[in-house]
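In what follows, a structure is listed as structure tokens, so that the remarks can point back to it.
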Amino acid sequence: MHDRSLPASPNWYCSRCSDVTGGGLLGVGAKNIIYLIDVSASTCRVTGELVGHKDLVSGFSFCQHEGQSHICVSSSSDGSIRFWDSDTKALIKEHAAHQSPVAAVHWSPVDKNLVVSGDEKGVVICHWYHTGDTSRFFPEPRTIFCLTCSPHTWTSVAVGYKDGMIVLVDVSKKGEVTHRLRGHDDEIHSLAWSPVVGEDGLSSRAEDGEGGMSAVGEQGCFLASGSKDQTVRIWSTAKGVMTLKLPYLKKRGSVVDPGIKERLWLSVLWPKGRPTQLVSSCFSGELMMWDLTRSGKQRWTLLGTSSEGQNHSRIVFNMSVVKLQDGRELLISTSMDREIKCWDLASLDCCWTLPTLGGFVYALTFSPVGAGCLAIGVGDNMIRVWNTLSTQNQYDTRFFWQGIKSKVTALAWHPAKEGSLAFGTDDGKVGIYEVFSNKPPHISSSYHRKTVYTLAWGPPVPPMSFGAVGGKLYYSLYSCAGEGTILQHDPSKLSGEASDIDKLIRDTNDIKHKLSPHTDLSWKPDGKVVAIGNEDGCIDVYQAPSLKLLCSLQQHHKIINTLRWHHSHSSVPEHHGLLASGSSNAAVYVHDLHSVIENPPENPVVLTEPYRRLCGHTSKITSMAWSPHHDARLVTASYDGTAQVWDVLQGEAVCNYRGHVGYLLCVDWSPVDPDVIWSGGKDFTVQEWRVSKQEFTNPPKGKKMVELREKMKTNPKQKRKNKKASGAGGAAPSEMNGEPASGEKAEAGQSGEEELDEVSSTNSPVPPPGSRVESTVSICMNVPDTNLLKKKKPRSMLPISTSMDHRPKEDLLQDCITLASVKHNSCVPGQGEHIHLGLFSDRQALHRMFEAEVEGHMEAGHYDSVVYLQLWTGDLEGALQLATEKGELSDHLLTIAPMAGFEVWKRTVEAFVKQLCLQEQYLKAASHLLSVNKLYEAIDLLQSHRLYREAIALVKARLPADDPILKELYTGWAAVLEKDGHFSAAAKCYLAAGTSFDAAKVIARKNDTSSLMTAATLARISGEVTLAQSLAMRCTKDLAAAQDWVQAQEALSSQKNLLGHRLHLCAAELLIVMLADSKVASQACVSNNPWASPGDRHVTVQDWVRDVWEEHFGVSPRNAGDLLQDLKSLESPAPSSNIPLTQVLLHSSLHLTRSVLSWLLEDDGQLIKELWQAVAWLRDPGHFCVSAELCRLLFPDGTCLSDQLIIQLFEFFNISLIGDYLQAFVLYHRLYELWWSNSKVCPPLRLGNLDFDASLLLSEPHAACQATQRSVTEVQERLAAMVLQHSRAQGGQLDPGEEQSSALPCLSSVSCQMYPHPDVVECCLVLLHLSKSSLSVSERLQEDAKALLRKYGSGPSTLRASQRFLT
């Protein structure tokens, strides 16, 4: 519909008010409209608007699913959710399930039908697009600021609140809160999920102690949050919270504003193809890319550093990412600086900038010198100068704001000096900008009292004697404002006083009467005459420089809004005298003044008929412009929301433009293209459109005309009602049915259109100065007018007598006669028809009048007025009693209550306390209780309403320290704090109450290492030894799992009688270090103790452990027995396959510790048992290499196990069954070691007989047990499959958890309770393989192995492996 346009500024302080499709269509919410913008890497173009919301758009989101990407959803402060078709620009449907303003909305990236929205009351609504069903959840009674659906599972939604809380909601379980993420202490501005599932690849250092969130799915997913507290947090499943603090970036020549936090908005975005990079905004509009794989301070890179001026200059509110078909990834950002920027994420440079407008477009004008240079005056206190002919950047716009503190309502380029632009503002200021310099504007010292409507350059008139010096032409600047005056300013001396041209007009034309207020002026291009429009609809034409009146055009009957002379380069000289005028009567008049100008009359003439009357608009005319390319072609802008092009000579309409939403305020013709016109108006947009492409010829008729006529009929009645209302004592509203209540231009009327806001695009409405036809009375929707509040009169104390003084004139005159003859008349002043005369008679008459007034106040419910009347009559006790009964007691009444006595005052205080409690003013109520010495009642009042802090302060200030109520308050407060999750504060309360045990327990509830260590220290200081040791052990367990060995030893060293546990930690550390040196286990430790540093290592781990114990812990055979008894009390869980390796090594090292202590005690039986258990913990197939290495560390001798030490050990094994099992494990690893070492030699060597007895590995009882276990497992799997198949056949659907539990657990009892043993069938296969390839195995051993394979090797894999040996 239009070629180029500057859209309205995107709304501020909204978490998701813009979104972009994969095809590059951007949608942004501005005011109550959504603008659709087609974006690419090189440029952008506004393609349409979605119009329908009644209030500000608060959220917007596209459906990102294929086939539905043209559908979008928007939310608004009016409480509605609307669905749109972006192709047809049409509304599809809407729902109003919310009862409060909606704060955020998001279309699920996973489910193409799910739309989630949240409002300011905390209500979350799930709407299914295809069915129209809605679900309502209320997860938290807090104000929602933002929400986002997970890109990986449709059930998970993250919601951010105003107080810093983040909750994860499962929408499939009726909005159940799965996790609460605490850490931020201010508003949550934005949330962003990681684009990939899983939590690998980022820096593992958690910078906060808070716990993370649970996984989304089984693998987990990161969630990023940005808050007003100046931090970005990355929430993780297992790694805690990563905190990114915003750096203070000092701009060149500026300092950091101390109040910058109050204006901070922290937006975060996680680009889809960049799982390790996060984009966030910063304090002053900078955008930064965070590298999450790096640690340290310099983790970020600024965008737009390649050249100056790329970044935003103020805070950024929204960001969205699109990946184009050519592979380029673009980021779109919106900011408070009213610019939309596009960034290339590959180069981090700005591709283009789209300026936007934050207010009504009051004025636009092309420079007569600089071709294509368009100046725009906007209600956001800024001027834009747009180079519309730029080939590099089609939106090449500069902003000017210095010296402007109000809406820019008028603009005028200097007719000869390039770059000199005059401006006028809503607050009456006039100034001149030199747009090609960086200097601030020159401001005139003469201010108008009201809005500047028009600026015009023209020849100087007296008393300013500029003249032409050296052949150079000089101009004066003329300004017309709302108070009806026209001032002449000297542009070279703006500091001097401007002159009012009315004095010259009076003197020249000998005018004695008051001139009508001026509303517009226009100088003829040749400077010979000036036309001035007036408030009464008259247009006066004066001859320069004396301003002699030539003629008066009395054709309009309403205020003149705009005047324009035809251009002077027409080929027809008669056209030079055409003057077009527009007023509030919706008609455009064109006047032919050629003869009057060429042949000035001696006396002024009055013209009552126009040359052409152009009718069609249905509302007042606000602006017009002649085409510089045609003869007598005119474009007009109107309050009917359209721009009309006229052929003046033919008196016909050419075309009608209807692309704006709301009324138009300005229009101008392109100086370079005869087919292009520019217009601006209420919808905050400037639009470029072509005359030849418009489908309409005339302005719209019908409904708008009917509404206009109805408004004109109803307005006079409404105005009369307002006058009556204000006369009765109330203040009339500032606007009723669109008519102003006061002001010089009240007769002109006002459109009734409100400006939602021009300065901030938020909910803070500010009235527009509008055209000169508008009243200056403020129009507000939410904020009351302070001027009107000052004028409002208080309610009368004597309304009955006051109303009788407003009767007709005849009745008032009769009252004077009655009052004069009261002594000789039967009337009684103060009652009946003469009630109002009680004020002018004696005291008894006054009391009778008071009684009638009291009765009237009681009926009206004005009890406060009754109380005051009783006070005036001296009935203080009665006044207090009435105020008590009606709940109208006040501080004033309480201060005068002692005048009635102590008991009355005391009762009044007690009644006032009850009233304050009903009003929830508990602190004030408690203070009043103290005034009557009711201390305990005041404490109970504060305690009952959970004001524990104030109650405790009061007790400690007024009562003895041993008063039992103090402990009661502390414990009660601690219970509340503990319930709310404030564990540290609760612990302080418990300590103050003397219950150290409870304090330690509540701190330990946090369950992180720092809290546990603090709790253990607290318990130790308080004498709770058992609790201290228990907490220290819990802390040590977590530290050992993280391999923070130094902190773990410190945690135990501060406690008594825990030397045995310290020995266990030492042994675990040494064992893990030795395994890490052997490359069979990874060592991701945080810290190591000095004794575990690299150096001379011993042959066996037992020797190293013993030496370290003796040197650092003083262990000897004398105290080894007691230490062994302490460690025997520790329970070791049964080994299983799902325990991490670190935990397995900790459990194994416990048995290693016991074995070394048994060795020191020379207890061989216990030594062997503990060694077997240490090895048995690692029997899981996943830990084979670690198990083999442990056996090598326990029993080393290079590549052979036949040295004297091992021979003695194996001889000792024969005395116990446990020894056989341990020997079997050692031989098992020896067998594999021989197999692997020989397989590396090519060709394999033929070795001699085995150097150990392998028959121990071929245990038939264990083979039978292992075969039974395999059979049981197979039966369980088959039964589980049958149960699942049966359930599905019956039409049911099992959850994953139910499928797992469908196996029959009773079969597990079949498994044999025997000591662990290596897999016998596996050992048989390895022995037979060695006998075939390299080793000579005895025939008896081979036969035993084959027999066991035939009997127990029934598995498919075993049969395939044994086929070559058994056939």
Let me see the working for Ser306 and Gln310 under side-chain hydrogen bond (donor to acceptor under 3.5 Å, both in side chains), right down to the final yes or no.
CA-CA 8 Å; Ser306 61; Gln310 291 195 46; 2.7 Å; yes

If we count only N and O atoms by modelled type, under 3.5 Å, do the side chains of Ser75 and Ser58 hold a donor and an acceptor together?
yes

Any sub-3.5 Å donor-acceptor pair from Ser190's side-chain atoms to Val268's backbone N or O?
yes

Does any donor atom in the side chain of Asn656 or Thr642 lie under 3.5 Å from an acceptor atom in the other side chain?
yes

Identify the two heavy atoms, one from Cys351 and one from Leu330, that lie closest to each other, and give their separation to 0.1 Å.
SG-CD2, 4.2 Å

Is a donor from one side chain sitting under 3.5 angstrom from an acceptor on the other, for Glu286 and Asn311?
no

Determine whether a donor-acceptor pair (N or O, by modelled atom type, separation under 3.5 Å) exists between the side chain of Thr622 and the backbone of Ala637.
yes

Which residue, Arg690, Gln694, Gln687, forms the side chain to side chain donor-acceptor pair (under 3.5 Å) with Tyr657?
Gln687

Residue pair Glu49, Thr685: steps toward the side chain to side chain contact (heavy atoms under 4.5 Å, CB included) verdict:
CA-CA 11 Å; Glu49 303 90 22; Thr685 66; over 6 Å; no

Do Trp193 and Phe222 have ring centres separated by under 6.0 Å?
no

The test is side chain to side chain contact (heavy atoms under 4.5 Å, CB included); show your working for Thr334 and Trp12 and say whether it passes.
CA-CA 9 Å; Thr334 65; Trp12 298 354; over 6 Å; no

Salt-bridge criterion met for Lys417 and Glu434 (N-O under 4.0 Å)
yes

In terms of relative ring orientation, are His630 and Trp669 parallel, tilted or perpendicular, with 30° and 60° separating the classes?
tilted

Start with the C-alpha gap between Tyr395 and Trp386, add the side-chain angles, then the distance that decides, and say whether ring-ring contact (aromatic ring centres under 6.0 Å, His included) holds.
CA-CA 7 Å; Tyr395 294 101; Trp386 183 0; 5.7 Å; yes

Just by distance, with hydrogens left out, do Trp84 and Ser74 show a side-chain donor and acceptor under 3.5 Å apart?
yes

Asp337/Lys341 ion pair, N-O < 4.0 Å:
no

Between Trp413 and Phe366 (judged by ring centroids, cut-off 6.0 Å), do the two rings come close enough to count as a pair?
no

Trp107-Phe60 aromatic ring centre distance below 6.0 Å:
no

Check the side chains of Thr47 and Asp38 for a donor-acceptor pair under 3.5 angstrom, ignoring hydrogens and angles.
no

Evaluation steps, ring-ring contact (aromatic ring centres under 6.0 Å, His included), between Trp290 and Trp270
CA-CA 10 Å; Trp290 297 87; Trp270 216 317; over 10 Å; no

Measuring from Ser15:OG to Asn318:CG, what's the distance to the nearest 0.5 Å?
7.0 Å

Roughly how far, to the nearest 0.5 Å, is CZ of Phe145 from OH of Tyr13?
10.0 Å

Is the backbone of Phe62 close enough, under 3.5 Å, to the side chain of Asp19 for a donor and an acceptor to pair up by distance?
yes

Check for a donor-acceptor pair, side chain of Ser117 on one end and backbone N or O of Ala104 on the other, with a separation under 3.5 Å.
no

Would you say the side-chain atoms of Ser333 pair up with the backbone N or O of Cys342, donor to acceptor, closer than 3.5 Å?
no

Tell me whether Trp300 contacts the main-chain N or O of Leu244 through its side chain, where contact means a donor paired with an acceptor under 3.5 Å.
no

Where Arg384 and Leu357 come nearest, the two heavy atoms and their spacing:
NE-CD2, 3.5 Å

If we count only N and O atoms by modelled type, under 3.5 Å, do the side chains of Arg16 and Thr148 hold a donor and an acceptor together?
yes

Atom pair OG (Ser225) and CD1 (Ile234), whose distance is rounded to the nearest 0.5 Å
7.0 Å

Atom pair CD1/CG of Ile383 and Leu364 - distance to nearest 0.5 Å
13.0 Å

Determine, step by step, whether Asn11 and Val57 satisfy the side chain to side chain contact (heavy atoms under 4.5 Å, CB included) criterion, reporting the C-alpha distance in whole Å, the side-chain angles of both residues, the deciding distance to 0.1 Å, and the verdict.
CA-CA 7 Å; Asn11 292 334; Val57 175; 4.0 Å; yes

Between Gln394 and Thr43: side-chain donor-acceptor atoms closer than 3.5 Å:
yes

Between Ala375 and Leu421, what is the shortest heavy-atom contact and its length?
CB-CD2, 3.8 Å

How far does CD1 of Ile34 sit from CG of Leu26, to the nearest 0.5 angstrom?
12.0 Å

Between the side chains of His70 and Gln68, does any donor sit under 3.5 Å from an acceptor?
no

Sidechain N-carboxylate O distance under 4.0 Å for Lys31, Asp683
no

Could you verify whether a donor N or O on one side chain and an acceptor N or O on the other, from His660 and Ser679, lie under 3.5 Å apart?
yes

CZ of Phe317 to NE2 of His189, rounded to nearest 0.5 Å, is 9.0 Å

Cationic N near anionic O, under 4.0 Å, Arg658 to Glu695
no

Regarding Lys93 and the six-membered ring of Tyr129, is the cationic atom NZ or CZ under 6.0 Å from the ring centre and inside 45° of its axis?
yes

